[in-house]
Amino acid sequence: MSRGPNTCTLAKGVVKSDRVASSLKAVDRGKFCPVRPFEDSPQPIGYNVTISAPHMHAKCLELLVNHLKDGCAALDVGSGSGYFTACMGIMVGPSGHAIGIDHIPELVELSVKNVMKTIPDLLRNGTVKLIGLVACWHCIYIAA
């Protein structure tokens with residue numbers, strides 16, 4: 001584990017559910033953020049990209065908690081370091097899928113390394129997949 005508080009501790013007051021707390025405790029943010037991982041503000045991860053503040057990750061997971069149940073599928077667009085995708089992977093469990101996509105190939109490589117050094121079983125069992133975009137679009141439409 002990295003030295004410092006976990007994301008759940010940093011997001012005190014934001015985290016309401018045990019499932020979100022468990023996912024935040026399971027994924028060591030220090031392995032995904034090279035600079036000030038436990039400061040509650042966005043931090044640079046390279047390529048002019050930041051990892052969101054811990055309270056934002058906690059808030060988003062709380063908003064999605066009813067959609068990130070065992071066996072569910074989730075998509076993280078702009079997955080960056082892979083941190084949020086890994087948290088979603090913990091929440092959907094081995095029978096679910098959390099897919100992270102990013103348009104920066106180097107960040108996709110970094111995210112795979114980050115997950116491998118933190119919770120490699122997420123990748124090995126196929127719960128988490130981190131992929132690069134094959135093209136850039138001028139418009140993306142997502143239908144419900």
Side-chain angles (χ1 to χ4, degrees), residues 1-17 19-69 72-94 96-144:
M1 276 309 244
S2 296
R3 293 183 184 205
N6 64 47
T7 304
C8 188
T9 303
L10 291 172
K12 196 170 165 183
V14 176
V15 177
K16 306 288 185 211
S17 70
R19 293 182 60 248
V20 169
S22 293
S23 74
L24 293 173
K25 288 176 183 174
V27 184
D28 182 358
R29 182 179 166 89
K31 305 282 190 213
F32 292 79
C33 180
V35 179
R36 298 180 305 278
F38 303 107
E39 189 172 304
D40 196 23
S41 62
Q43 299 299 319
I45 58 170
Y47 309 96
N48 292 318
V49 176
T50 59
I51 184 173
S52 295
H55 78 275
M56 289 303 297
H57 283 141
K59 181 69 174 173
C60 290
L61 289 171
E62 282 294 344
L63 290 169
L64 296 171
V65 70
N66 292 326
H67 304 285
L68 296 173
K69 296 178 181 174
C72 287
L75 177 64
D76 180 7
V77 178
S79 53
S81 70
Y83 177 77
F84 194 76
T85 311
C87 289
M88 291 194 308
I90 293 293
M91 292 179 72
V92 300
H97 297 284
I99 311 299
I101 61 172
D102 205 286
H103 72 286
I104 301 172
E106 294 85 358
L107 283 180
V108 176
E109 290 175 28
L110 176 66
S111 66
V112 169
K113 289 178 186 173
N114 290 342
V115 175
M116 283 302 289
K117 65 186 174 189
T118 308
I119 308 174
D121 285 346
L122 288 175
L123 290 170
R124 290 183 186 139
N125 70 16
T127 300
V128 167
K129 292 184 180 141
L130 296 152
I131 57 174
L133 296 175
V134 294
C136 290
W137 295 274
H138 295 98
C139 176
I140 298 173
Y141 170 75
I142 301 173

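Not measured: the values here are computed from a predicted model.
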With heavy-atom distances below 4.5 Å as the criterion, would you say the side chains of [X] and [Y] are in contact?
X: V65; Y: K16; result: no
X: S17; Y: E62; result: yes
X: C87; Y: H57; result: no
X: V20; Y: M91; result: yes
X: F84; Y: L61; result: yes

Open item on the list: Test of understanding: with side-chain hydrogen bond (donor to acceptor under 3.5 Å, both in side chains), list the residues that count as partners of T85, not counting sequence neighbours.
Closed with: D76
Compare every heavy atom of [Y] with every heavy atom of [X], then report the nearest pair and how far apart it is.
X: P54; Y: D40; result: CD-OD1, 3.1 Å
X: G82; Y: L130; result: CA-CD2, 4.4 Å
X: S41; Y: R29; result: O-NH2, 4.2 Å
X: D102; Y: S79; result: OD2-N, 3.3 Å
X: T127; Y: P94; result: OG1-CA, 3.2 Å
X: C33; Y: I51; result: SG-CG2, 3.7 Å

Could you state the interatomic distance from [atom1] ([X]) to [atom2] ([Y]), rounded to the nearest 0.5 Å?
X: I131; Y: I99; atom1: CD1; atom2: CD1; answer: 6.5 Å
X: Y83; Y: L24; atom1: OH; atom2: CG; answer: 4.5 Å
X: L122; Y: M88; atom1: CG; atom2: CE; answer: 11.5 Å
X: L75; Y: I101; atom1: CG; atom2: CD1; answer: 5.0 Å
X: I45; Y: L110; atom1: CD1; atom2: CG; answer: 6.5 Å
X: K59; Y: L64; atom1: NZ; atom2: CG; answer: 11.0 Å

Task: Residues V115, F32; criterion side-chain contact (heavy atoms from CB on, under 4.5 Å); working and verdict - done: CA-CA 8 Å; V115 175; F32 292 79; 3.9 Å; yes
Open item on the list: Does V92 form a side-chain contact (heavy atoms from CB on, under 4.5 Å) with H97? I'd like the steps, not just the answer.
Closed with: CA-CA 7 Å; V92 300; H97 297 284; 5.7 Å; no
Open item on the list: Taking V108's backbone N and O only, do any of them form a donor-acceptor pair with S111's side chain (distance below 3.5 Å, no angle check)?
Closed with: yes
Open item on the list: Are there over 12 heavy-atom neighbours, none belonging to K69, within less than 6.0 Å of that residue's NZ?
Closed with: no
